[in-house]
Amino acid sequence: MLEGIRVLDFTQYLPGPHATLRLADMGADVIKVEAPFGDLARFSLDEHEQSPVFLAQNRKKKSVVLNLKNEEDRKTALELAREADVVIEGFRPGVAARIGIGYEEIKSVKPDIIYCSLTGYGQTGSISHLGGHDINYMSLSGMLAQMKDHNGKPHLPSNTIADFIGGISTSEAILAALVKRMRTNEGSYIDLAITKTLLPLMSNHIVIESLTGEEHGVERLSGAFVCYTLYETSDQRFIAIGALEEKFWCNFCKGVGKEEWEKEQFSRAESGNPVYEEIHALIRTKSLSEWSRFAREVDCCMSPVLETSELIDTEELKEWNLISDSGSYRYVTNQATGFFGATPDTEPPALGAHTKEYVGKLSR
C-alpha cells in the first residue's frame, strides 16, 4: 500500500521505531538514521548482546549512520530529506531545529514534507521540556489508576502500553497526512504527544465520572459481575469469560448444565454470592486446556489467559501466521499482510549497513 513512500526516521527506543515499523509493514521504505554509536535500543543492559526490543521494532528498515554534530553530515541529512516523503524525529522540543533538521529546515528543501515530532508531552506547554517514559505517560493520563490490585495500589503492567499506543497513533497521523498531501499537494507538521494519545482510551471513563462520580469506567467491564470476569482453573491458570450478551451467558450455562444460573448473569463476582462461588468451584474442576476446548465448542465468549511462550503454539493464533521464527528468536510478523498483501520480512539492519547505498547516491 505504501510502496514508493520513503520515511526518514530519526527516532530510537520504542514509540518512534514502532510507528515506522508499521509503515514498513505497509510497504514504505524506512531509512533509520542513527548516530555513530547507534540507536540505544540496539544494546541490552550488558551492552554485549543485541537488544530484543531492537530486534522486535526494526525489521525491514535500512540503517544510515550520520553524526548530526558534523556540518557535512547535517547537509547529508537534508539531502536525504529532499528525497523523502516523511520525516519523524523524537528529540526533546527544539533540539531538531538546533541541530539543523527541524521542520523549517526540512521544509526549505522539501516543501511538501510530512514532518512528525514525537515526544512525551508535545512541543509546547509547561511540561513539554521534561523527560518521561511509559510509566509517566500512563500515570498522567489516568490509565495507570485503572490498573489496581485488591488493595487499591496501581499495578504497573509489564507491557509498555503508552509507548505502543503512541507509535500506533503516530503511524495513523502520518497516514492521514499522506492522504491530505495526495488531495492538496500540501505537507504537514505533526506535533504528537504520547500522553495525549492515551486520553481517548479514557473517554468512556471521563464521561462516566462526570455524570456519576464513578472513577473506573463501565462497571460491567470491571470484573464485578459473574458473566464478565476471570476464573482460576484446576492447574492454577485463568480463563476469561466475557458473556455480556444474554445469548452467550445462556450458552455458557447450558454448556455446563447449569440453566438455573441464567437469571444470575449480573450477580456480583464476590465472596458470599452463592452463584459466584459455585461458578468459581466449577471452573476449578478442569484444567486450562480442558476449558480451552470447551470455549472452542461452546460459543460463550470464553478464552484462555495465555502466557507469552504459549502464543506460538496456540491453535487460535497459529492459523493467522502472525508469529514467525528467525531461527534464533521469534517475532511478530507483518501485521498488514491480511489487508494490503505481503511485504517480505528482513532482519533488523546492522548499524550503518546502508550508509553507502543511500548516501553514495546523493549529488554533492
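The basis for the numbers below is simple: all heavy atoms, side chains too, and nothing from hydrogens, waters or symmetry mates.
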| said: For Gly142 versus Met202, what's the shortest heavy-atom pair and its separation? | reply: O-CE, 3.7 Å
| Any cation-pi pair here, Arg59 with Tyr331, using under 6.0 Å and within 45°? | no
| request: For the pair Glu278 and Arg284, find out whether any cationic side-chain nitrogen is under 4.0 Å from an anionic carboxylate oxygen. | output: no
| message | So Pro93 and His129, do their side chains get closer than 4.5 Å, heavy atoms only? | response | no
| request: Test Lys62 against Lys32 for side-chain contact (heavy atoms from CB on, under 4.5 Å), laying out the working first. | output: CA-CA 6 Å; Lys62 315 298 194 314; Lys32 184 178 181 68; over 6 Å; no
| query | Roughly how far apart are Cys250 SG and Gln265 CD, rounded to 0.5 Å? | reply | 7.0 Å
| query | Would you call Asp112-Lys110 a salt bridge at under 4.0 Å N-O? | reply | yes
| query | Taking C-beta and beyond as the side chain, do Ile5 and Leu178 meet within less than 4.5 Å on heavy atoms? | reply | yes
| So do Ile190 and Thr170 actually touch side chain to side chain, heavy atoms under 4.5 Å? | no
| said: Tell me if a side-chain donor or acceptor on Ser171 pairs with a main-chain N or O of Ala19 at a distance below 3.5 Å. | reply: no
| field | Minimum heavy-atom distance Tyr121-Asn136, with the two atoms named | value | OH-CB, 3.4 Å
| remark: In this structure, OG of Ser139 is separated from CG of Leu144 (nearest 0.5 Å) by 6.0 Å
| query | With distance as the sole criterion, is a donor-acceptor pair present between the side chains of Thr333 and Asp345 under 3.5 Å? | reply | yes
| request: Run the salt-bridge test on Glu105 and Arg74 with the 4.0 Å N-O cut-off and return the result as yes or no. | output: no
| query | How long is the gap from CG on Leu156 to CE on Met138, to the nearest 0.5 Å? | reply | 7.0 Å
| said: Between Tyr103 and Cys116 (side chain of the first, backbone of the second, donor and acceptor by atom type, cut-off under 3.5 Å), is there such a pair? | reply: no
| note | Residues passing the salt bridge (charged side-chain N to carboxylate O under 4.0 Å, His left out) test with Lys61, sequence neighbours excluded, are none
| query | Between Ser128 and Gln123, is a side-chain hydrogen bond (donor to acceptor under 3.5 Å, both in side chains) present by the stated rule, with each step listed? | reply | CA-CA 6 Å; Ser128 62; Gln123 298 297 301; over 6 Å; no
| task | Kindly say whether the aromatic ring centers of Phe54 and Phe43 come within a distance under 6.0 Å. | result | no
| field | pair Ile113-Val86: side-chain heavy atoms closer than 4.5 Å | value | no
| Any sub-3.5 Å donor-acceptor pair from Ser326's side-chain atoms to Ser328's backbone N or O? | yes
| said: As an exercise, state the distance from CD1 of Ile283 to OG of Ser234, rounded to the nearest 0.5 Å. | reply: 10.5 Å
| Heavy-atom closest contact (Phe266 atom, Leu244 atom, distance) | CZ-O, 3.6 Å
| Is the CD1 atom of Ile135 crowded by more than 12 outside heavy atoms at less than 6.0 Å? | no
| Contact check, side chains of Leu68 and Ile101, non-hydrogen atoms, under 4.5 Å | yes
| query | Has the side chain of Glu209 got a donor or acceptor atom that lies under 3.5 Å from a matching backbone atom of Glu214? | reply | no
| field | Straight-line distance of Lys286 NZ to Ile239 CD1, nearest 0.5 Å | value | 11.0 Å
| remark: Output for pair (Glu172 CD, Thr197 OG1), nearest 0.5 Å, gives 10.0 Å
| query | Do Ile88 and Val7 come within less than 4.5 Å of each other through their side chains, counting heavy atoms only? | reply | yes
| said: Taking Glu315 first and then Arg296, would you say they form a salt bridge - that is, a charged N and a carboxylate O separated by under 4.0 Å? | reply: yes
| request: Inspect the contact between Glu83 and Arg6 and indicate whether a charged nitrogen and a carboxylate oxygen are less than 4.0 angstrom apart. | output: yes
| said: If I compare all heavy atoms of Ala350 with all of Arg42, which pair ends up nearest, and what's the gap? | reply: C-NH2, 3.5 Å
| Check: Trp261 main-chain N/O paired with Glu264 side-chain donor or acceptor under 3.5 Å | no
| Side chains of Glu290 and Ser287, donor plus acceptor under 3.5 Å | yes
| request: Please check if any side-chain donor atom of Glu232 sits under 3.5 Å from a side-chain acceptor atom of His280, or the reverse. | output: no
| Side chain to side chain, Val256 and Phe294, heavy atoms closer than 4.5 Å | yes
| said: Less than 4.5 Å apart, side chain to side chain, heavy atoms only: is that true for Arg268 and Tyr276? | reply: no
| note | Between Thr346 and Lys60, the two heavy atoms sitting closest are OG1-CA, 2.9 Å
| task | For the pair Thr229 (side chain) and Val226 (backbone), establish whether a donor and an acceptor sit closer than 3.5 Å, ignoring hydrogens and angles. | result | no
| field | Asp191 and Ser117 side chains, donor-acceptor separation under 3.5 Å | value | no
| request: Mark yes or no for whether Thr76, through its side chain, and Glu72, through its backbone, hold a donor-acceptor pair below 3.5 Å. | output: yes
| task | May I have the step-by-step check of side-chain contact (heavy atoms from CB on, under 4.5 Å) for Val359 and Val64, ending in yes or no? | result | CA-CA 8 Å; Val359 176; Val64 168; 3.9 Å; yes
| Does a salt bridge link Arg181 with Asp85, judged by any charged N lying under 4.0 Å from a carboxylate O? | yes
| field | Least distance between heavy atoms, Tyr115 atom then Gly102 atom | value | OH-CA, 3.4 Å
| field | Side chain Tyr228, main chain Ile241, donor-acceptor under 3.5 Å | value | no
| said: Whether the side chain of Glu89 engages the backbone of Phe10 through a donor-acceptor N/O pair (distance < 3.5 Å, no angle test) should be reported. | reply: no
| said: Can a donor-acceptor pair be found, under 3.5 Å and without considering hydrogens, that links the side chain of Asp134 to the backbone of Asp163? | reply: yes
